[in-house]
Amino acid sequence: MRILSIETSCDETAVSIVEATGTFPHANYKVLGNSLFSQIDIHREYGGVFPAVAKREHVKTLVPMLMRALKDAAMLLPHEEDSATPRTEELYTLLTREEGLADALIHFLLQYEKPDVDLIAVTHGPGLEPTLWVGINFAKALSYAWGIPVVPINHMEGHILASIFDGHTIPDLVFPAVSLLISGGHTELILIREWGEYARIGETRDDAVGEAFDKTARMLGLPYPGGPEISNLARDARKNQVESFVQLPRPMLESGDYDFSFSGLKTAVRYAVQDKTLSHNDKIGIAREFEEAVTAVLLRKTKNALMEYNAQTLIVGGGVSANTYIRETFKEFFWKEYPMVTVYLPPRNMSTDNSIMIALVGHAKKDMALSYDRLSEIKADGNLELGV
Ligand code: KG4
Ligand code: ZN
């Protein structure tokens, strides 16, 4: 089957077409088309993601991304002469809140044939609700125009699959597995007993890891997104053996549970840097200390969870799993201390938001797809949870 997937939960507008042969998880996947537009350059000017700005960009970019994905897949086929005009009234109703999108979509539908796609998968949470709605309404409009069912997808489940997908297949996992999900909005430890059976065993009580990276970066005068910036400075500090002038806490390291808290860490950085003119070495030293504090807590809690639940599979996912120091530390630690644990880390292009991961979950959940008459049941849920 062919799946068209749409991701708009934050600041990446992404559309893919993935062909799945076989049944989940033992299928073969072929990514036929994949397009992604990152809004980072736009948000950098504002120092962060404003939902209204992000929404406007998704509205502008969705049709071009759809066309690019279809073109990659050799599925962007101009109409034969006598094609029917789409019933536009319903499309305008579905997209009333996405100004300009109905016009762009109708223009596209007038030019191109319905592609050979069986299912539309769209992220419906968690994320920014105004931007989630853009993707959802677009999926509904395509569903209406083409008569294809839609399956709503949890973005975090996408990150789990992104971390284990090798480009063609999903490996046979030894369950139970533990997943550490670290992104701009989330920091969670999830116990996976079986495919689709999730239990959240720990989460952040305040800031997400990515958020802490971004806020700390801002205090050091670095641009958004701060994760990669901090990571570069920290690497310099390690290379040049520069230590931090201040020791930061390792919050909740010994709390005995699987919860996290990163806002204290950010506050400690604020106290350390306020009223101080920072030298280059001060900055890179603090970046290093911050990265090491975060990594120590993530590693300890993850290790404890694997031990308690007798799990031999670890899946690290989410945007922050692009961080080199976190990746290297996790790999080395488990390789040396717990060689029976298999550690899955996403390739870098699959660690940040993308739509391939949404297509993979779409395949797993294809039986939950809704046909056009039931699409009103699909709603954006900014706080959608994975496991309770
Ligand atoms: O998963 P993601 O792309 O979007 C969300 O769903 O939130 O994650 C984005 C987050 C941002 O906070 C960004 O600073 C962080 O991931 N990030 C990193 C790195 N690359 C991205 N954090 C630390 N080190 C990195 N190399
Ligand atoms: Zn994400």
Side-chain angles (χ1 to χ4, degrees), residues 5-14 36-41 43-44 47-49 51 54 58 123-129 131-132 135 153-163 179-188 190 203-204 207-220 222-238 262 265-266 287-288 290-295 297-298 315-330 345-358 360-361 381-386:
S5 57
I6 300 167
E7 158 64 40
T8 61
S9 69
C10 187
D11 58 353
E12 260 91 29
T13 316
L36 182 144
F37 175 76
S38 170
Q39 304 173 359
I40 278 182
D41 289 338
H43 297 303
R44 192 173 283 134
V49 181
H58 287 302
T123 304
H124 77 125
L128 304 170
E129 286 192 2
T131 69
L132 288 164
I153 302 300
N154 183 316
H155 179 86
M156 301 315 285
E157 200 169 358
H159 276 302
I160 293 176
L161 281 173
S163 298
S179 180
L180 172 69
L181 295 176
I182 41 180
S183 71
H186 288 263
T187 303
E188 293 173 353
I190 306 279
E203 65 186 316
T204 181
D207 293 350
V209 192
E211 197 179 349
F213 265 97
D214 294 338
K215 289 177 176 170
T216 300
R218 197 178 313 160
M219 287 187 262
L220 297 177
L222 303 167
Y224 173 87
E229 301 284 336
I230 298 252
S231 164
N232 286 340
L233 295 195
R235 192 193 49 220
D236 273 1
R238 260 175 236 115
F262 293 105
L265 195 48
K266 171 193 73 190
R288 172 184 181 176
F290 173 83
E291 193 173 64
E292 293 180 1
V294 166
T295 307
V297 180
L298 293 176
I315 303 167
V316 185
V320 183
S321 64
N323 181 283
T324 307
Y325 182 74
I326 295 177
R327 295 172 77 94
E328 296 304 318
T329 307
F330 270 69
L345 285 155
R348 255 164 240 274
N349 64 333
M350 291 289 278
S351 63
T352 43
D353 292 348
N354 65 84
S355 49
I356 295 173
M357 67 188 198
I358 304 307
L360 297 174
V361 187
D381 180 352
N383 300 315
L384 184 67
E385 290 181 352
L386 188 62

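We count ligands from 1, going down the list as the structure has it; atoms in each ligand are counted the same way.
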Strictly under 4.0 Å, does any heavy atom of H186 approach an atom of ligand 1? no
Atom nearest to the Zn ion (ligand 2) - D353, N, O or S atoms considered: OD1
Can H155 be said to touch ligand 1, with heavy atoms closer than 4.0 Å? yes
Could you tell me whether R238 and E291 make a salt bridge, using a distance below 4.0 angstrom between a side-chain N and a carboxylate O? yes
Which atoms from ligand 1 have a heavy atom of G210 less than 4.0 Å away? 12 (O)
Nearest non-hydrogen contact with atom 1 (O) of ligand 1 belongs to which option: G319, A322, G227, G184? G319
Identify the protein heavy atom lying closest to atom 24 (N) of ligand 1, giving its residue, its atom name and the separation to 0.1 Å. N323 ND2, 3.0 Å
Please determine which of D353, N154, N354, L386 meets the side chain to side chain contact (heavy atoms under 4.5 Å, CB included) test together with H159. D353
Atoms of ligand 1 under 4.0 Å from any heavy atom of H159, numbered from 1 in the order shown, are 1 (O)
Look at atom 12 (O) of ligand 1 and say which protein heavy atom is nearest, naming residue and atom and giving the distance to 0.1 Å. D214 OD2, 2.8 Å
Below 4.0 angstrom from a heavy atom of P225, which ligand 1 atoms are there? Numbered from 1 as shown, please. 14 (O)
Return the option from V320, N354, I326 holding the heavy atom at the smallest distance from atom 15 (C) of ligand 1. V320
Atom name of the N, O or S atom in H155 that lies nearest to the Zn ion (ligand 2): NE2
Nearest heavy-atom contact between S163 and G317 is OG-CA, 3.3 Å
Does G185 come within less than 4.0 Å of ligand 1, judged by its heavy atoms? yes
Tell me: protein heavy atom nearest atom 4 (O) of ligand 1, and distance? D353 OD2, 3.2 Å
Here the pair of heavy atoms bringing I160 nearest to S179 is CG1-OG, 3.6 Å
May I ask you to check whether C10 brings an N, O or S atom to under 2.8 Å from the Zn ion (ligand 2)? no
